[in-house]
Amino acid sequence: MGGEEIKRVLVLSGGGGRGAYQVGVCQALEQLHWQPDMVLGNSIGATNGALLLAPRGEESGAALLARLWQDEMLNDTLQHVAPQWPLLLQEALGIVLKMLQEIQTPPILSRPADSETSFGLGSTLAEMRQKLSRRHLFERWLPQEMREQQGELPWYDYFIKLAARLHKMKSPLTEELLKPAVMERKNWQQLLAQYVDFEQLNDPAAPYFGIAATDVATGALRMFWNHVPPGVAGQASRMTPEHIMASSSIPGFYEATPVEGRTWWDGALLANTPVAPALAVAAEEIVVVLMTPWHESPDGEGVPLRGASPTILDALDRALDWLMLSSFRSELQRLTPEQRKKVRIIAPTALLGLTSIIDYHPYDNAVLARYGYQDALAVLQPRSQEEG
């Protein structure tokens with residue numbers, strides 16, 4: 001691709017579990033034979049972008065994305081509460097996250113009650129009671145050798161060994177807040193290594209691929225490139241799974257990722273939708289995939305979402321979404337009318353819920369992919385028919 005004119009650019013914003021929406025968009029793009037010359041991504045958009053451009057195996061990028069988001073991009077596979085936390089907090093954090101995910105499931109997803117793909121709040125509460133029961137925790141605290149010999153150990157030795165194990169645990173919450181992150185996601189990194197063909201992604205003939213990350217030490221935005229487009233400042237990197245992980249390291253929730261001698265957090269802190277390079281190369285068509293609602297109207301007022309008086313969770317949901325859109329809004333405001341005509345925005349029409357960012361649920365993934373596919377066709381088919 002190096003040196004060739006960049007006509008089409010695909011921009012994939014960050015949004016964690018909402019990334020299933022981009023799967024449907026990529027399926028629609030493949031159906032319309034719309035192939036990008038450059039892909040820009042942040043966070044989950046970086047993961048989806050790498051899988052789209054360089055799928056390992058015979059499947060197309062869109063087909064691989066669809067399969068992985070149904071079979072492997074799931075809560076229990078991708079992430080879990082980091083084992084470095086004491087057992088009680090580890091269990092409690094997992095339950096709290098699961099309850100929030102159930103309580104804050106938005107109407108647009110509306111998981112069917114008691115379905116095999118939905119735990120439901122009732123079963124979540126039952127699981128909480130079981131996991132926090134004395135029996136469960138007692139058994140989890142026991143060393144492996146004690147679990148195998150419970151009937152043979154004298155009570156005195158049993159309690160001495162248990163007390164020694166408890167003593168070694170650092171229990172004060174103040175100490176635990178010094179941990180680097182809540183969640184551990186080695187499986188995510190392994191998934192990237194298994195399914196992304198990094199030789200293909202780094203090949204000079206591959207489309208341009210740029211992903212955003214935030215320098216933990218300075219707060220500066222960095223775009224990592226497989227090769228740098230003409231007219232864009234930056235330097236090329238040999239892309240690895242660590243680069244993708246760096247772009248999606250949500251502060252506090254996921255541990256910061258060391259790459260190229262520095263440590264990085266999610267690019268969403270500064271540019272959740274890294275559209276600037278697409279504007280710099282003067283692309284003819286820029287397709288931007290958001291994972292927050294986007295409404296435009298002739299008077300600039302937009303279309304209201306839900307009621308005027310939001311609940312606490314709904315207020316947090318809106319605030320986060322507007323923050324994620326802020327840098328993109330700023331970029332659009334600087335465009336001339338001619339430049340603005342080149343930008344096509346594909347976005348959900350309703351709020352997707354605060355916890356959907358950290359919730360990779362099979363039912364949600366399927367629903368979001370379907371909406372992404374439908375929304376992409378609604379935006380892109382009219383232009384495709386005009387050009388045809």
Side-chain angles (χ1 to χ4, degrees), residues 1-15 18-42 44-55 57-69 196-197 200-201 203 205-211 225-227 229 232 273-291 294 296 328 331-332 335 338-349 368-388:
M1 177 61 68
E4 293 186 21
E5 185 180 3
I6 301 173
K7 296 182 178 180
R8 289 176 165 178
V9 180
L10 176 63
V11 184
L12 301 173
S13 67
R18 301 177 183 181
Y21 182 85
Q22 295 175 350
V23 175
V25 174
C26 290
Q27 290 175 307
L29 293 176
E30 182 176 79
Q31 179 179 315
L32 296 172
H33 306 291
W34 195 98
Q35 295 183 328
D37 305 309
M38 179 165 75
V39 173
L40 302 169
N42 172 64
I44 196 63
T47 293
N48 284 342
L51 289 164
L52 176 69
L53 288 180
E58 300 301 318
E59 293 175 285
S60 68
L64 178 61
L65 279 170
R67 179 167 65 84
L68 292 184
W69 274 89
V196 176
D197 186 340
Q200 179 184 343
L201 187 63
D203 190 291
Y208 294 101
F209 181 55
I211 58 177
W225 295 97
N226 60 348
H227 31 276
V232 175
T273 308
V275 70
L279 304 174
V281 300
E284 293 180 6
E285 189 174 5
I286 303 169
V287 172
V288 178
V289 186
L290 303 176
M291 261 136 8
W294 180 264
E296 292 182 286
F328 179 62
E331 292 287 353
L332 285 191
L335 299 184
E338 274 307 307
Q339 290 175 318
R340 181 62 185 85
K341 289 178 182 177
K342 299 178 180 180
V343 180
R344 310 285 282 179
I345 300 172
I346 302 170
T349 56
L368 289 173
R370 184 170 70 251
Y371 281 127
Y373 175 80
Q374 294 169 351
D375 292 344
L377 290 182
V379 170
L380 298 176
Q381 259 186 336
R383 174 173 289 191
S384 174
Q385 292 168 353
E386 289 173 10
E387 293 174 349

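These numbers were taken from a predicted model, which means no experiment stands behind them. Scope of the values below: all heavy atoms of this structure, side chains included, with no hydrogens, waters or symmetry mates.
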Colleague: In the structure I gave you, are the side-chain heavy atoms of Ile345 and Phe328 within less than 4.5 Å of one another anywhere?
Modeller: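 Counting from C-beta outward, Ile345 and Phe328 do come under 4.5 Å.
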
Colleague: Search all heavy atoms of Pro55 against all heavy atoms of Ser60 and return the closest pair with its distance.
Modeller: CG-C, 4.0 Å

Colleague: Would you call Val23 and Gln27 a side-chain contact if the rule is heavy atoms closer than 4.5 Å?
Modeller: yes

Colleague: So which heavy atom on Ala62 is nearest to which on Cys26, and how close?
Modeller: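 Minimum heavy-atom separation between Ala62 and Cys26: CB-O, 3.7 Å.
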
Colleague: Check Ala280 against Val232 and note the closest heavy-atom contact, atom names and distance.
Modeller: CB-CG2, 4.2 Å

Colleague: Taking Val343's backbone N and O only, do any of them form a donor-acceptor pair with Arg340's side chain (distance below 3.5 Å, no angle check)?
Modeller: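 Checking the backbone N and O of Val343 against the side chain of Arg340, a donor-acceptor pair under 3.5 Å is found.
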
Colleague: Picking from Lys341, Arg344, Arg8, Lys342, what satisfies salt bridge (Lys or Arg N to Asp or Glu O under 4.0 Å) with Glu285?
Modeller: Arg8

Colleague: Heavy-atom distance under 4.5 Å between the side chains of Pro229 and Ile6, does that happen here?
Modeller: yes

Colleague: Would you give the length of the straight line joining atom OH of Tyr373 to atom CG of Leu29, rounded to the nearest 0.5 angstrom?
Modeller: 11.0 Å

Colleague: Measure the CH2-CG distance between Trp294 and Leu332 for me, rounded to the nearest 0.5 Å.
Modeller: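 Answer rounded to 0.5 Å: 5.0 Å.
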
Colleague: Using a 3.5 Å distance criterion without hydrogens, assess whether the side chain of His227 forms a donor-acceptor pair with backbone atoms of Ala205.
Modeller: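 No, His227 side chain to Ala205 backbone: no donor-acceptor pair under 3.5 Å.
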
Colleague: Can you confirm whether Trp225 sits close enough to Met38 that some side-chain heavy atom of one is under 4.5 Å from a side-chain heavy atom of the other?
Modeller: yes

Colleague: Does atom CD of Gln35 have more than 12 heavy-atom neighbours, drawn from other residues, nucleotides or ligands, at distances under 6.0 Å?
Modeller: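 Counting other residues, nucleotides and ligands, CD of Gln35 stays at 12 neighbours or fewer.
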
Colleague: Examine distances only and state if a side-chain atom of Asn226 and a backbone atom of Gln200 form a donor-acceptor pair shorter than 3.5 Å.
Modeller: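 A pair under 3.5 Å: no.
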
Colleague: With the side chain counted from C-beta on, respond yes when Leu279 and Ile286 share a heavy-atom pair under 4.5 Å apart, and no when they do not.
Modeller: yes

Colleague: Which value, rounded to the nearest 0.5 Å, describes the distance between Ser13 atom OG and Ile346 atom CD1?
Modeller: 11.0 Å

Colleague: Going by heavy atoms in the side chains, are Gln31 and Leu377 under 4.5 Å from each other?
Modeller: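 Contact flag for Gln31/Leu377 side chains = yes.
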
Colleague: Indicate the atoms forming the closest heavy-atom contact of Ala278 with Val9, along with that distance.
Modeller: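 Reported closest heavy-atom pair: CB-CG1, 3.6 Å.
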
Colleague: Taking the side chain from Tyr371 and the backbone from Tyr21, do they hold a donor-acceptor pair closer than 3.5 Å?
Modeller: no

Colleague: For the residue pair Gly19 and Asn48, what are the closest heavy atoms and their distance?
Modeller: O-ND2, 3.2 Å

Colleague: Would you name the heavy atoms of Gly49 and Val39 that are closest together and state the gap between them?
Modeller: CA-CG1, 4.1 Å

Colleague: Does any non-hydrogen side-chain atom of Ile44 lie less than 4.5 Å from one of Leu12?
Modeller: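 No; the side chains remain at least 4.5 Å from each other.
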
Colleague: Drop me the distance from Glu59's CD to Leu68's CG, to the nearest 0.5 angstrom.
Modeller: 7.5 Å

Colleague: Taking the side chain from Asp197 and the backbone from Ala54, do they hold a donor-acceptor pair closer than 3.5 Å?
Modeller: no

Colleague: Are Leu10 and Leu52 side-chain neighbours, meaning at least one heavy-atom pair lies under 4.5 Å?
Modeller: yes

